[in-house]
Amino acid sequence: MENKREESKANPSGIESNTFRSLAGSPNCKVFVNPKSRCQSLQEAIERASNIAIVGHNNPDGDAVGATQALYQYLLNSGKNAKVIYPNHFAHNLAWMDLHQSSINYQDHPDEIKTVMQGCDLLFVLDFNRVSRTESMAPVLKEKDCVRIMIDHHLDPEWQDFDIAYSDTTVSSTCELLYRVIHAELNPDLIDPHVSNCLYAGISTDTGSFSYSCGHKGIFETIADLISRGLDTVKVHQNIFDNFSESRMRLLGCCLGDRLVVKPEYNTAYMYLSDEDMRKYNYQAGDTEGIVNYGLSMSGIYFAAFFTQRNNRIRMSYRSQGDIDVNIFAKENFGGGGHKNAAGGTSYESLEATLAKFEAALPAFYENSIKPAVEKLKKTGYNPSGYISSEAEENSEQ
C-alpha cells in the first residue's frame, strides 16, 4: 500500500509508472511514452514527419531560443523541413541564433502560424511543459492534432498532452537535456558549430553564467564535447552579454540606483520597475533578462526578487542560493513556480499591493527557509562575500 502511495506522489497525473523509461546514460531523465502514442521513438517520429514545427514559450529566453534554434539547425542537417515558432518576440541580443531568420511569432503573424500548424505532422515543444506557457497562442496548440514531443526541465509536466516527453529537473537547462537526447537517441555527428553555439547559449544563460544549477560534472563534459564540435564560447558570450542597447543599460541603472530595496534582516533584496519606468527607458523584449541576479551579488543577500509592471500585470522573478526553495515561495504566495533556486509568479494587483504582499510574506519565509539555509551554508564554509574558504574547499574534497 505504501508503494502505491509513493508512486501516486511521483506521478500526480495518475499515469502508470510502466509507461516511463530512462534516457540512455541519463538515469534522472524520465521519458514518458503515451500508451496511445502514434510513434514509439523519437527517431521514428522525425523520419516519418514531412513538416515539423518547433515551439518555444512566451517571452522566450536564452534557453528557449537556444533549444529551438539548435533543434531547428539539427533537423536541417538531417534533411528535414522545419519551422520555429514563438508566441511573441525574443530579445535582440538573442537574434544571432536565428541564423536563417526563419522563425515567426504569433504576436505579429497569427494567420501565418495557423497555416504552418495546419500543415505540420510533428510538433516539438521545448523549454516548457504546459501548453498554457504559450499564453495567447495556447488555443492554436491545443487544437492541433499531430504527434507531439516535449523536451523540458521544469517541474510538474502535463504528461498526457504529449506522445513522447523527456523531462529532467536535475539538468541545468533544456539545452543540456536536448544535447543528451541527441546523443542517446539521434545522431550527434549532426551537431555542427551553430548547433553547439545555440546549446551553449541556453546552458550559460540558464545557469547565470555558471553561477547556479551547474554543480555536476556532466554539464562541463557537455561543453567540452561542444567545443570539439566547433563551439566558440567567446563569440557566444559577446553576442549575449556584451550586446545591449544604451536604453537597456540606463534601465539597469534605474533598477540599481532608484528601485533597489534591501532587507538585510531577511537576507533579501528586491528591485521593481513600473509601467512608467518601462516607457521612460524604451523597454524592448529581453531588456530585463538577468537583472534579478544582481541582487544575489551583494554580500549577505541570499534571496533576490524582481518585479516588472506591464499592462496591469506584475511579473515576478525569484533567485536564491543554497536550500532556499523559491519555487515553494512562488507557489504559496503568487500561484507561480519554477525551480528550487529560480522561479517566478504573476500578480494582477497594483504594483504597490504586490510589493506589500511580498514583504508581508518575508518573515515566515525567512524563519522557515532562508534562516536555516543560510546557517547551513555558513557551516560549510560559505561566507557573505560569495566564495568558499580554502578550509571548506579542502574539506569538500575529502
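- Once rounded to the nearest 0.5 Å, the distance linking CG of D168 with OG1 of T174 reads 10.0 Å.
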Inset, instruction - Apply salt bridge (charged side-chain N to carboxylate O under 4.0 Å, His left out) to the pair E276 and K280, showing each step before the final yes or no. - result: CA-CA 6 Å; E276 183 180 349; K280 178 179 179 181; over 6 Å; no
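- Counting heavy atoms from C-beta on, the side chains of V147 and D121 never come closer than 4.5 Å.
- The shortest non-hydrogen separation linking L122 to A45 is CD2-O, 3.7 Å.
- In this structure, the side chains of N58 and F128 stay at 4.5 Å or more apart for every pair of heavy atoms.
- Across S196 and I191, no two heavy atoms sit closer than the pair OG-CG2, 3.4 Å.
- Distance CG/D325 to CG/N341: 7.5 Å, rounded to 0.5 Å.
- Side-chain polar atoms of Y281 and D287 form no donor-acceptor pair below 3.5 angstrom.
- Between R180 and E176 there is a salt bridge, since a side-chain N of the basic residue sits under 4.0 Å from a carboxylate O of the acidic one.
- Using modelled atom types, one finds no donor on one side chain facing an acceptor on the other under 3.5 Å when comparing H154 with N129.
- Side-chain contact annotation: H194 with Q69, donor-acceptor N/O pair under 3.5 Å absent.
- Remark: K371 NZ is loosely packed, at most 12 non-hydrogen atoms of other residues, nucleotides or ligands lying under 6.0 Å away.
- Aromatic pair F358/F365: centroids not less than 6.0 angstrom apart.
- For the side-chain contact (heavy atoms from CB on, under 4.5 Å) with Q309, the lone residue among D277, L273, T354, L351 that qualifies is L351.
- Here the closest heavy-atom approach between residue C255 and residue F306 is recorded as SG-CE1, 3.9 Å.
- The hydrophobic clustering, which links ILVMFWY residues whose side-chain heavy atoms are closer than 4.5 Å, places M137 and I104 together.
- A salt bridge links D145 to R38: one of the charged nitrogens lies within less than 4.0 Å of a carboxylate oxygen.
- Distance check, rounded to the nearest 0.5 Å: OG1 of T222 to CG of L199 gives 9.0 Å.
- The side-chain hydrogen bond (donor to acceptor under 3.5 Å, both in side chains) contacts involving residues 262-272 comprise K263-E359, Y270-E359, where partners must be two or more places apart or lie in separate chains.
- Residue Y294 qualifies as open at atom OH: its count of foreign heavy atoms under 6.0 Å is 12 or below.
- Other residues, nucleotides and ligands place more than 12 heavy atoms under 6.0 Å from the CZ atom of R313.
- Between the N327 side chain and the A343 main chain, no donor and acceptor come within less than 3.5 Å of each other.
- With hydrogens and angles left out, the side-chain atoms of Y86 and T68 include a donor and acceptor closer than 3.5 Å.
- Annotation: N312, atom CG; neighbour count of heavy atoms from other residues, nucleotides and ligands within 6.0 Å does not exceed 12.
- Salt-bridge annotation for E158 and K142: absent, with no side-chain N of the basic residue lying under 4.0 Å from a carboxylate O of the acidic one.
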Legend entry - Step-by-step side-chain hydrogen bond (donor to acceptor under 3.5 Å, both in side chains) determination, S102 to Y72: CA-CA 10 Å; S102 58; Y72 173 75; 3.0 Å; yes
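- In this structure, the side chains of R319 and V326 stay at 4.5 Å or more apart for every pair of heavy atoms.
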Legend entry - Full working for side-chain contact (heavy atoms from CB on, under 4.5 Å) between Y74 and L178: CA-CA 11 Å; Y74 174 89; L178 176 59; over 6 Å; no
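- Defined by atom type and a distance below 3.5 Å, a donor-acceptor pair is missing between the side-chain atoms of D152 and S167.
- Residues K357 and S347 form no side-chain contact, since every pair of their non-hydrogen atoms from C-beta on lies 4.5 Å or further apart.
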Inset, instruction - Kindly determine whether I328 and K340 satisfy side-chain contact (heavy atoms from CB on, under 4.5 Å), including the steps that lead there. - result: CA-CA 8 Å; I328 292 177; K340 180 179 178 180; over 6 Å; no
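- The existence of a salt bridge linking K331 and D156 is confirmed by a sub-4.0 Å separation between a basic side-chain nitrogen and an acidic carboxylate oxygen.
- The shortest side-chain heavy-atom distance between L75 and I54 falls under the 4.5 Å cut-off.
- The environment of CD in E375 is crowded: more than 12 heavy-atom neighbours from other residues, nucleotides or ligands sit within 6.0 Å.
- Of all the heavy atoms in N243 and N93, the pair that sits closest is ND2-CA, 3.7 Å.
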